[in-house]
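Have a look at the structure below before the remarks.
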Amino acid sequence: QVQLVESGGGLVQAGGSLRLSCAASGRTFGNYAVGWFRQVPGKEREFVAAINWSGRSTYYADSVKGRFTISKDNAKNTANLQMNSLKPEDTAVYYCAADWVGPGTQRHDEYEYWGQGTQVTVSS
C-alpha cells in the first residue's frame with residue numbers, strides 16, 4: 001500500500017507560480033510512475049503530467065507543456081509539479097497518483113493509488 005498526500009495548492013494570480021508536492025508513505029517511490037491529474041466540478045478528471053517509474057521519461061498535456069514540470073525525488077519519496085505562468089483555466093483540484101513500475105500513462109484508470117487532492121485557484 002502507498003499513501004499519497006498532496007500539498008502546495010492555493011490561490012495565485014494569473015502569471016504566477018505554484019509548486020505542488022506529493023509525499024508518499026508505505027512504500028518507496030522508486031518503482032512507481034507518478035501522474036498528476038486535475039478536476040473541476042462537473043468535468044472528468046484530466047491528465048496533466050506524468051513521469052515513468054525510472055524517472056527518465058516525462059509526459060505533459062498540451063495545455064500545460066512548456067509551463068509545468070514534473071519531477072520525482074526517490075530519496076525523499078516525493079514527486080513535484082512545478083507550475084509556472086498559471087492561467088485561470090488551470091484552476092482545479094490537483095491529484096497525484098502512483099502506478100507500480102508504470103510507464104507514465106495518461107490513463108487515470110492505470111493508477112493504483114491516489115491522494116486526496118489539493119485546490120489550485122488562479123485569479124484573473
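Because only heavy atoms are used, hydrogens play no part in the values below, and waters and symmetry mates are left out as well, while side chains stay in.
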Within one Ile-Leu-Val-Met-Phe-Trp-Tyr cluster: [X] and [Y], side-chain cutoff 4.5 Å:
{"X": "Y111", "Y": "I70", "answer": "no"}
{"X": "V34", "Y": "L18", "answer": "yes"}
{"X": "Y59", "Y": "Y95", "answer": "yes"}
{"X": "W53", "Y": "F47", "answer": "no"}
{"X": "M83", "Y": "V64", "answer": "yes"}

Value rounded to 0.5 Å, distance of [atom1] in [X] from [atom2] in [Y]:
{"X": "R67", "Y": "S85", "atom1": "CZ", "atom2": "OG", "value": "7.0 Å"}
{"X": "T69", "Y": "R19", "atom1": "OG1", "atom2": "CZ", "value": "9.0 Å"}
{"X": "R107", "Y": "R45", "atom1": "CZ", "atom2": "CZ", "value": "15.0 Å"}
{"X": "L11", "Y": "Q119", "atom1": "CG", "atom2": "CD", "value": "9.5 Å"}
{"X": "E112", "Y": "L4", "atom1": "CD", "atom2": "CG", "value": "10.5 Å"}
{"X": "C22", "Y": "D73", "atom1": "SG", "atom2": "CG", "value": "12.5 Å"}

Look at the aromatic rings of [X] and [Y] and report parallel, tilted or perpendicular, splitting at 30° and 60°.
{"X": "Y32", "Y": "F29", "result": "tilted"}
{"X": "F37", "Y": "W114", "result": "tilted"}
{"X": "Y94", "Y": "F68", "result": "tilted"}

With the threshold set at 4.0 Å, does a side-chain nitrogen-carboxylate oxygen contact exist between D90 and K87? no
To check you understand the geometry: which heavy-atom pair defines the closest contact between [X] and [Y], and what is its length?
{"X": "T105", "Y": "A50", "result": "O-CB, 4.1 Å"}
{"X": "A92", "Y": "R38", "result": "CB-CB, 3.7 Å"}
{"X": "W36", "Y": "A79", "result": "CZ2-O, 4.0 Å"}
{"X": "A33", "Y": "G102", "result": "CB-O, 3.4 Å"}
{"X": "T78", "Y": "A23", "result": "CG2-CA, 4.2 Å"}
{"X": "V12", "Y": "G16", "result": "CG2-CA, 3.8 Å"}

Residues S63, E89; criterion side chain to side chain contact (heavy atoms under 4.5 Å, CB included); working and verdict: CA-CA 10 Å; S63 59; E89 51 263 43; over 6 Å; no
Backbone N/O of R27 and side chain of N77: donor-acceptor pair under 3.5 Å: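 Checked: pair present.
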Backbone of S123 reached by a side-chain donor or acceptor of Q13 within 3.5 Å: no
Kindly determine whether N80 and Q82 satisfy side-chain hydrogen bond (donor to acceptor under 3.5 Å, both in side chains), including the steps that lead there. CA-CA 6 Å; N80 297 298; Q82 178 66 42; over 6 Å; no
Does Q116 CD have over 12 foreign heavy atoms under 6.0 Å away? no
Tell me whether K43 at atom NZ has more than 12 heavy atoms from other residues, nucleotides or ligands lying less than 6.0 Å away.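 For K43, atom NZ is not crowded (no more than 12 foreign heavy atoms under 6.0 Å).
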